[in-house]
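Working notes, structure below.
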4 protein chains.
Amino acid sequence: MNADPDLHAAAERVIAISPFARWIGTRVGDIAPGRVVLRLAVRDEFRQHHGQVHGAVLGYLADTACSWAAATVSGDVVTAEYKINLLAPARGPELEVVGEVVRAGRRQVVARADVFNIADTSRELVATALATIAVVTPRSEEGKP
Amino acid sequence: MNADPDLHAAAERVIAISPFARWIGTRVGDIAPGRVVLRLAVRDEFRQHHGQVHGAVLGYLADTACSWAAATVSGDVVTAEYKINLLAPARGPELEVVGEVVRAGRRQVVARADVFNIADTSRELVATALATIAVVTPRSEEGKP
Amino acid sequence: MNADPDLHAAAERVIAISPFARWIGTRVGDIAPGRVVLRLAVRDEFRQHHGQVHGAVLGYLADTACSWAAATVSGDVVTAEYKINLLAPARGPELEVVGEVVRAGRRQVVARADVFNIADTSRELVATALATIAVVTPRSEEGKP
Amino acid sequence: MNADPDLHAAAERVIAISPFARWIGTRVGDIAPGRVVLRLAVRDEFRQHHGQVHGAVLGYLADTACSWAAATVSGDVVTAEYKINLLAPARGPELEVVGEVVRAGRRQVVARADVFNIADTSRELVATALATIAVVTPRSEEGKP
């Protein structure tokens with residue numbers, strides 16, 4: 001179910017022109033103003049030397065879910081910074097991230113994200129993040145020469 | 001120049017068995033107790049929809065440099081958390097990260113990393129990170145049953 | 001209402017022997033395993049030069065709520081690190097923080113906290129934080145020589 | 001020695017109208033564009049229940065040093081977020097923080113700070129922080145109606 005078909009189509013268009021998002025296999029789940037769910041299937045290339053999914057993949061999901069959640073309310077955005085806690089090893093076969101806007105200001109949006117490892121009978125929180133997303137063109141400045 | 005050939009060889013061995021590190025093309029530069037330099041060549045797959053290197057790749061470099069710097073002084077480690085500020089767009093053709101231990105405790109190591117974009121005539125700081133790395137087997141506990 | 005009178009009494013005892021917590025006027029609200037609510041009345045000494053409550057006071061609340069939430073499940077703890085986003089000016093007259101454990105491991109606890117400004121008719125989120133709390137004596141090591 | 005007497009006087013004026021900075025006893029050390037040193041004498045009120053300086057005081061120093069370093073290059077600023085790692089117990093009798101700008105953009109400044117405990121014969125790093133400081137009035141927007 002997609003809460004907003006326009007947002008869903010816009011997210012799919014961004015993936016289509018983003019080599020890294022395409023390589024990693026990002027799939028858009030529910031998307032609504034202020035909240036984005038993304039999923040991906042774990043491939044062997046994602047793993048580190050202990051066999052777990054590399055933290056960079058969890059960081060990708062957290063960063064993307066935060067910035068896309070911000071984009072649903074604030075338009076063109078760019079990640080200023082994020083902090084991520086890695087809570088448990090992720091092994092797949094599936095990962096899901098839920099990103100939510102905490103507060104949207106005119107010039108920046110604060111968002112958080114939780115990353116889950118999805119297996120047959122379990123859904124385990126494996127990482128949590130808190131991000132500051134910069135709005136590229138604050139609305140009050142749009143159209144200014 | 002490698003400050004420590006044993007550490008360099010150990011890092012190469014970790015890359016050889018780490019699918020993600022190998023896919024991304026991590027190369028080990030200088031490595032010494034408490035300090036690690038890594039490099040990679042930017043490929044098109046690393047880019048996001050604005051043509052810049054995806055933040056996840058910068059996050060990979062920062063996380064890896066922090067945890068490997070920690071490993072040079074504390075043995076087996078795992079990243080507990082990191083915070084990264086994305087400072088400027090990175091476009092390549094080369095990226096370099098310098099990771100340094102700030103303080104090594106018995107059970108955790110704090111490290112920081114700076115990521116640089118390297119082009120023909122420039123070396124620009126594009127991201128900076130601060131990380132907490134957990135020591136998997138604190139020395140005082142080694143050998144305990 | 002206090003969900004757990006023993007935890008409440010223990011928190012009051014810590015405040016009684018903590019000069020900073022006493023100076024700032026920390027009051028314990030609901031406290032239960034994994035979740036702590038604290039409140040304080042804003043005094044003029046807490047303000048910075050724009051008249052708002054200084055970020056250090058919000059940082060105090062976030063750090064304390066995270067570490068106390070961790071203590072309710074893991075005993076003696078110490079804050080390893082925290083990240084706080086300041087979302088809106090806080091002016092009082094009252095502040096409240098809700099701290100919650102995200103995941104409790106054997107050696108560290110990850111917790112988050114939200115700080116609210118409480119006025120007559122409003123309750124506004126003014127800061128949010130994510131913290132890593134180190135367990136001073138992991139249970140499996142207790143009693144080891 | 002103060003690298004810049006005008007910046008030093010400006011910082012003293014901010015302290016004079018900031019109740020919290022005055023209560024805590026902030027003293028301005030070296031200050032120059034992009035770099036600020038602050039000091040304070042530890043008082044008993046600053047301590048927590050283990051006798052160490054409360055993390056909130058270290059957070060105050062880190063946040064203030066980052067935002068003032070940013071102010072020396074970007075004018076009126078406000079802290080958007082910071083992350084602080086507490087590295088070792090601080091007991092005084094003196095604390096010093098060194099804040100430095102990492103990168104100053106038009107709308108935000110990234111800065112870092114190191115906090116030291118100063119005793120008779122030692123100077124120990126007790127905390128390190130990385131902060132994002134928002135510029136209140138970006139220069140290109142000044143004077144716009």
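First the proteins, then the strands, lettered A, B, ... as listed; each starts at 1.
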Listed by chain and number, what are the side chain to side chain donor-acceptor pair (under 3.5 Å) partners of C:Thr132, not counting sequence neighbours?
A:Asn85, C:Glu81

Any chance the side chains of D:Tyr60 and D:Thr26 put a donor and an acceptor closer than 3.5 Å?
yes

Part of C:Ser67 lying under 4.5 Å from any heavy atom of chain D:
neither

Below 4.5 Å, heavy-atom pairs only: which of D:Ile84, D:Leu58, D:Leu87 has the largest tally toward chain C?
D:Ile84

Kindly assign one of parallel, tilted or perpendicular to the pair D:Phe20 and C:Trp23, based on the angle between their ring planes and the thresholds 30° and 60°.
tilted

Please determine if D:Glu12 and D:Arg27 form a salt bridge, counting it only when a charged side-chain N lies under 4.0 Å from a carboxylate O.
no

If the contact rule is any heavy atom under 4.5 Å from chain D, which residues of residues 35-52 of chain C qualify, in numerical order?
C:Asp44, C:Glu45, C:Phe46, C:Arg47, C:Gln48, C:His49, C:His50

Ranked by heavy-atom pairs below 4.5 Å to chain D, first place among C:Ile15, C:Val78, C:Ile17 goes to C:Ile17

Between C:His8 and C:Val28 (side chain of the first, backbone of the second, donor and acceptor by atom type, cut-off under 3.5 Å), is there such a pair?
yes

Do you know which two heavy atoms are closest between C:Gly34 and C:Thr72, and how far apart they sit?
N-OG1, 2.7 Å

Distance-only, no hydrogens or angles: does the D:Arg22 side chain make a donor-acceptor pair with backbone N or O of D:Ala16 under 3.5 Å?
yes

